[in-house]
Q: 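I am attaching a structure below and will ask some questions about it afterwards.
Below, each value reflects all heavy atoms present in this structure, side chains not excepted, and no hydrogens, waters or symmetry copies. Bear in mind that the values here come from a model prediction, so they are computed numbers and not experimental data.
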Amino acid sequence: MMVRKQHSSIWERLFDQFNYVFMTLFTLVCMYPFYYVFIYSISDPRTAARGIYFFPTKISFDSYINILALGTVPQAFVVSVVKTVLFTMICVYFSSMFAYLLTKREMLYRKVVYRFVISSMYLSAGLIPWFITMKTYGLQDNFLLYIIPGAINAFYIILVKTYIEQIPDSLEESAQIDGAGFMALFNKIIFPLSKPIVATVAVYAAVGCWNTWMDNYFLVHKPGLQTIQIILFNYLNDSKAIAENAARQTAGSGLEVQVSEETIKMAITMISVLPIMMVYPFLQKHFIKGIMLGAVKG
């Protein structure tokens with residue numbers, strides 16, 4: 001029996017073309033603010049103040065040079081990268097393990113524990129009890145402050161649990177017949193098969209950890225433990241002083257430093273945003289699949 005090939009109507013083709021154009025324009029609108037911040041940070045301050053739109057003017061990286069020359073940025077950047085990588089690995093692994101535990105029907109009070117996990121997303125004691133708790137645990141001026149408090153995340157547990165429940169039980173049963181225990185089942189079967197949702201959770205965890213600054217602001221006072229976010233926050237408040245200092249250093253030398261308070265702020269913004277934006281393309285292929293499969297039911 002021959003099947004007649006259905007041809008799309010002219011209205012359907014027009015609708016598809018409209019979608020392509022609209023989504024392209026929408027993408028450009030979303031990307032333009034980041035592009036604008038970048039071209040402003042490398043442009044001549046006087047020209048940029050009058051208005052720039054698509055191309056930088058009199059390109060100069062003096063703003064970045066003056067920020068990096070302050071000395072604390074490279075060290076803070078290393079601290080931020082190390083704590084983000086460690087936190088992401090630990091958070092993803094232990095949240096996934098906890099989620100797998102909640103899928104086991106033989107676990108005592110499984111539903112009660114799961115409801116408790118969900119309730120923790122909505123109930124919080126507040127800033128002062130959090131501060132006292134972290135200080136009591138000895139996490140003040142301690143690198144573990146960046147790792148331990150967020151090792152298990154309720155939202156990630158919900159996503160991973162929902163995904164794991166869609167994995168056929170027959171895979172676990174066949175492994176159990178061969179003598180595999182809980183850790184072997186999780187490490188060799190469940191965790192590798194959960195790659196899409198694990199990649200999704202890794203993106204969330206990495207972005208959240210990179211952008212976090214309150215723990216550093218309230219509990220870390222050692223310069224060697226400060227992260228890039230708090231350093232750039234301080235520089236953002238002192239951007240005018242940084243620009244004036246750069247002007248004083250070149251006064252009388254005949255050199256013109258293209259730095260202003262605004263270009264310093266733009267450069268600080270790019271330094272803080274660009275590294276984490278570079279992570280997403282490597283995990284993007286798993287991200288959409290993971291978030292869709294991990295959110296079908298709860």
Side-chain angles (χ1 to χ4, degrees), residues 1-44 47-59 88 92 95-96 99 103 118 121 153-171 190-211 262 265-267 269-298:
M1 180 177 179
M2 296 182 62
V3 179
R4 182 178 297 176
K5 185 178 180 180
Q6 296 181 352
H7 296 280
S8 58
S9 66
I10 186 172
W11 295 110
E12 291 176 338
R13 292 196 296 270
L14 288 175
F15 181 74
D16 291 339
Q17 295 300 322
F18 172 80
N19 278 339
Y20 294 145
V21 173
F22 175 78
M23 294 306 299
T24 300
L25 293 176
F26 183 75
T27 302
L28 293 176
V29 169
C30 293
M31 295 176 59
Y32 180 75
F34 297 100
Y35 175 73
Y36 177 81
V37 170
F38 175 69
I39 63 174
Y40 196 111
S41 67
I42 62 174
S43 296
D44 174 65
T47 307
R50 292 195 296 267
I52 56 174
Y53 300 100
F54 298 105
F55 303 102
T57 58
K58 298 182 180 179
I59 296 177
T88 301
V92 168
S95 295
S96 301
T103 63
I118 295 175
M121 297 175 60
N153 185 284
F155 178 60
Y156 305 156
I157 290 172
I158 295 172
L159 290 178
V160 179
K161 174 181 176 295
T162 307
Y163 187 93
I164 291 176
E165 287 175 341
Q166 300 175 51
I167 298 177
D169 294 335
S170 57
L171 294 176
I190 301 300
F191 196 70
L193 290 176
S194 304
K195 185 185 295 183
I197 195 64
V198 166
T200 302
V201 170
V203 172
Y204 281 138
V207 173
C209 182
W210 180 267
N211 291 330
E262 291 301 320
K265 289 181 179 179
M266 297 297 181
T269 303
M270 287 304 303
I271 293 175
S272 61
V273 170
L274 189 60
I276 199 64
M277 289 181 63
M278 297 173 64
V279 174
Y280 180 77
F282 297 99
L283 300 175
Q284 186 268 342
K285 63 180 180 179
H286 301 294
F287 184 84
I288 298 176
K289 179 181 178 182
I291 197 62
M292 292 296 291
L293 294 177
V296 173
K297 59 180 180 177

Q: Could you measure the distance from the OH atom of Y163 to the CD1 atom of I190? Nearest 0.5 Å is fine.
A: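 If we round to the nearest 0.5 Å, Y163:OH and I190:CD1 are 10.5 Å apart.
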Q: Quick one, S95 and V160 - any side-chain contact, counting heavy atoms below 4.5 Å?
A: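 Side chain of S95 against side chain of V160, heavy atoms only: no contact under 4.5 Å found.
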Q: Can you tell me how far NZ of K161 sits from CD of Q166, rounded to the nearest 0.5 angstrom?
A: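 Going from CD on Q166 over to NZ on K161, the span is 11.0 Å.
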Q: Is there a side-chain contact between S96 and V198 (heavy atoms, below 4.5 Å)?
A: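 The answer is yes, as the side chains (C-beta and beyond) meet within the 4.5 Å cut-off.
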Q: Measure the OH-CG distance between Y204 and N153 for me, rounded to the nearest 0.5 Å.
A: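 Spacing of OH (Y204) from CG (N153) equals 11.5 Å.
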Q: Which class fits the ring pair F22 and F26: parallel under 30°, tilted 30 to 60°, perpendicular over 60°?
A: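 F22 and F26: parallel rings.
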Q: Return the minimal non-hydrogen interatomic distance between V201 and V92, and the atom names on each side.
A: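 Reported closest heavy-atom pair: CG1-CG2, 3.9 Å.
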Q: Mind checking what makes ring-ring contact (aromatic ring centres under 6.0 Å, His included) contact with F191, not counting sequence neighbours?
A: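 Scan of F191 (ring-ring contact (aromatic ring centres under 6.0 Å, His included), adjacent residues dropped) gives Y93, F186.
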Q: Can you give me the closest heavy-atom contact between T88 and A206, atom names plus distance?
A: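 For T88 and A206, the tightest heavy-atom pair comes out as OG1-CA, 3.4 Å.
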Q: Atom CE in M270, atom OH in Y35: separation rounded to 0.5 Å?
A: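 Those atoms lie 11.5 Å apart.
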Q: Distance check, rounded to the nearest 0.5 Å: T162 atom OG1 versus I157 atom CD1?
A: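 CD1 of I157 is found 11.5 Å from OG1 of T162.
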Q: Is F15 atom CZ crowded by more than 12 heavy atoms from other residues, nucleotides or ligands, each under 6.0 Å away?
A: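 For F15, atom CZ is not crowded (no more than 12 foreign heavy atoms under 6.0 Å).
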Q: Can you tell me how far the CD1 atom of I39 sits from the CZ atom of F34, to the nearest 0.5 Å?
A: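 One gets 14.0 Å once the value is rounded to the nearest 0.5 Å.
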Q: For M121 and A154, work out which heavy atoms get closest and say how close.
A: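 For M121 and A154, the tightest heavy-atom pair comes out as CG-CB, 3.4 Å.
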